[in-house]
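Just so it is clear, the model here is predicted, and its values are computed rather than measured.
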Amino acid sequence: LIISGVMTIAYIGGKFAQIILETQLLRRNKMSKKIQLIGNHYIVCGYGRMGREICDGLLESGAPFVIVENDEKKIEVIKSKGMLYFEGDATLDESLESAGIDRARGLVAVLRTDAENVFATLSAKELNKKVFVVARAIEDGAESKLKKAGADRVVLPYELGGNRMVQLLLRPGVIDFIDGLARDKHRSISLEEITVPGTSPIAGKTLIESPIRRDLNIIIVAVLKDNGQFIYNPKSTTIIEAGDKLIAIGEQSDLLKLTELCKVAQ
């Protein structure tokens with residue numbers, strides 16, 4: 001009787017373990033297939049406090065993204081929100097490859113330590129040299145290491161937060177206006193960054209020759225050249241070149257028209 005009881009319990013336990021394992025494998029395969037279908041997306045390494053804010057912002061913008069996280073409690077939260085994720089270590093090449101780093105547009109590294117962010121940045125740049133990497137630096141000396149690892153932008157939260165608080169004290173109206181343009185989706189006026197490809201009809205024309213101001217009533221605040229040069233408040237004679245990034249303010253509907261115009265081939 002004892003032997004039969006033990007064997008029965010072992011059999012039932014084994015069946016339960018098999019069901020749980022098969023369910024997890026099925027979920028992983030289903031998630032992997034969903035990740036394989038997307039491209040030109042963003043990868044968020046780490047789902048801590050800052051990672052949550054980043055994901056919420058990407059959700060509001062409607063941008064596709066994949067989270068790489070290995071904490072089971074955080075993964076449960078990610079699942080409840082229906083977001084794409086890969087369970088793994090973001091510092092490993094295998095995890096980034098599973099998240100589609102070869103097809104990704106950008107990656108943000110907000111892991112627990114600076115060392116992890118450096119490793120994630122190195123791995124990302126080795127696997128995809130064109131991916132745009134934004135990394136968080138916690139310690140003062142980490143910024144230079146992250147830049148050497150290949151990070152395109154490094155964010156220091158305390159420095160950024162301190163500067164923002166100063167600006168709020170001195171120029172609260174300006175900050176409210178900029179935040180409203182950048183984050184409030186319900187406003188008719190918006191601030192947008194639009195890249196001009198070589199196939200666009202406006203490439204090679206001056207601002208006054210293009211329909212940007214004349215037909216679309218859009219204001220170009222600045223032009224970021226391909227070599228990194230910023231032209232603030234550009235003149236009407238400024239030539240729009242292929243690869244330029246236009247920082248524009250206007251009605252959302254007009255900005256969408258300009259985005260479509262930049263995609264139209266000659």
Side-chain angles (χ1 to χ4, degrees), residues 35-48 50-69 83-86 88 90-93 95-111 114-138 142-157 159-160 182-183 190-200 221-231 241-248 255 258-259 262-263:
I35 294 172
Q36 288 171 8
L37 293 174
I38 65 170
N40 201 30
H41 60 290
Y42 299 93
I43 298 174
V44 181
C45 298
Y47 193 72
M50 187 171 285
R52 284 197 300 270
E53 291 294 325
I54 293 167
C55 292
D56 289 344
L58 290 172
L59 276 174
E60 288 178 11
S61 303
F65 65 94
V66 178
I67 304 165
V68 181
E69 179 58 68
M83 295 182 291
L84 289 178
Y85 72 93
F86 177 79
T91 63
L92 300 177
D93 292 354
S95 298
L96 296 180
E97 286 172 347
S98 298
I101 186 65
D102 58 319
R103 310 181 303 277
R105 182 177 182 180
L107 178 142
V108 57
V110 282
L111 296 166
D114 288 327
E116 288 178 309
N117 288 328
V118 169
F119 275 113
T121 301
L122 276 170
S123 297
K125 283 295 184 179
E126 283 183 3
L127 296 169
N128 184 355
K129 296 185 184 300
K130 294 182 180 179
V131 70
F132 189 85
V133 176
V134 179
R136 176 184 63 181
I138 301 170
E143 183 179 6
S144 60
K145 294 182 177 67
L146 285 163
K147 286 183 176 179
K148 288 177 182 177
D152 297 281
R153 299 287 187 277
V154 178
V155 175
L156 288 85
E159 182 181 316
L160 192 64
R183 301 186 66 176
S190 183
L191 181 68
E192 192 62 68
E193 176 186 308
I194 301 169
T195 303
V196 181
T199 55
S200 173
V221 180
V223 178
L224 175 59
K225 292 293 183 182
D226 208 22
N227 60 3
Q229 179 191 4
F230 248 120
I231 301 176
E241 299 174 332
D244 285 354
K245 292 181 180 178
L246 307 178
I247 312 300
L255 289 170
L258 178 57
T259 303
C262 287
K263 292 179 181 177

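- The two residues V133 and A124 come nearest to each other via the heavy atoms CG2-CB, 4.3 Å.
- Listed for the D114 side chain is no donor-acceptor partner under 3.5 Å among the backbone atoms of A137.
- A donor-acceptor contact shorter than 3.5 Å is absent between the side chain of K125 and the backbone of A151.
- Taking CG of D244 as the reference point, atom CG of N227 lies at 9.0 Å (rounded to 0.5 Å).
- E116 contributes no side-chain N or O that, together with a main-chain N or O of L111, makes up a donor-acceptor pair within less than 3.5 Å.
- Of all heavy-atom pairs between A135 and T121, the closest is CB-OG1, 4.0 Å.
- Atom CG of residue L107 and atom CG of residue N128 lie 9.5 Å apart, to the nearest 0.5 angstrom.
- Minimum heavy-atom separation, A120 to A109: CB-CB, 4.4 Å.
- Annotation: side chain of V223 is not in contact with side chain of E241 (no heavy-atom distance under 4.5 Å).
- Atom-to-atom distance recorded for F65:CZ and R105:CZ is 15.0 Å, nearest 0.5 angstrom.
- Expressed to the nearest 0.5 Å, how far CG of L246 lies from CD1 of I194 amounts to 6.5 Å.
- By the side-chain hydrogen bond (donor to acceptor under 3.5 Å, both in side chains) test, T91 is found to be paired with D89, residues two or more places apart in sequence or in another chain being considered.
- Without hydrogens or angle criteria, R103 side chain to H41 main chain gives no donor-acceptor distance under 3.5 Å.
- With sequence neighbours left out, the side-chain hydrogen bond (donor to acceptor under 3.5 Å, both in side chains) criterion links S123 to D93.
- Distance CG/L146 to CG/N117: 6.0 Å, rounded to 0.5 Å.
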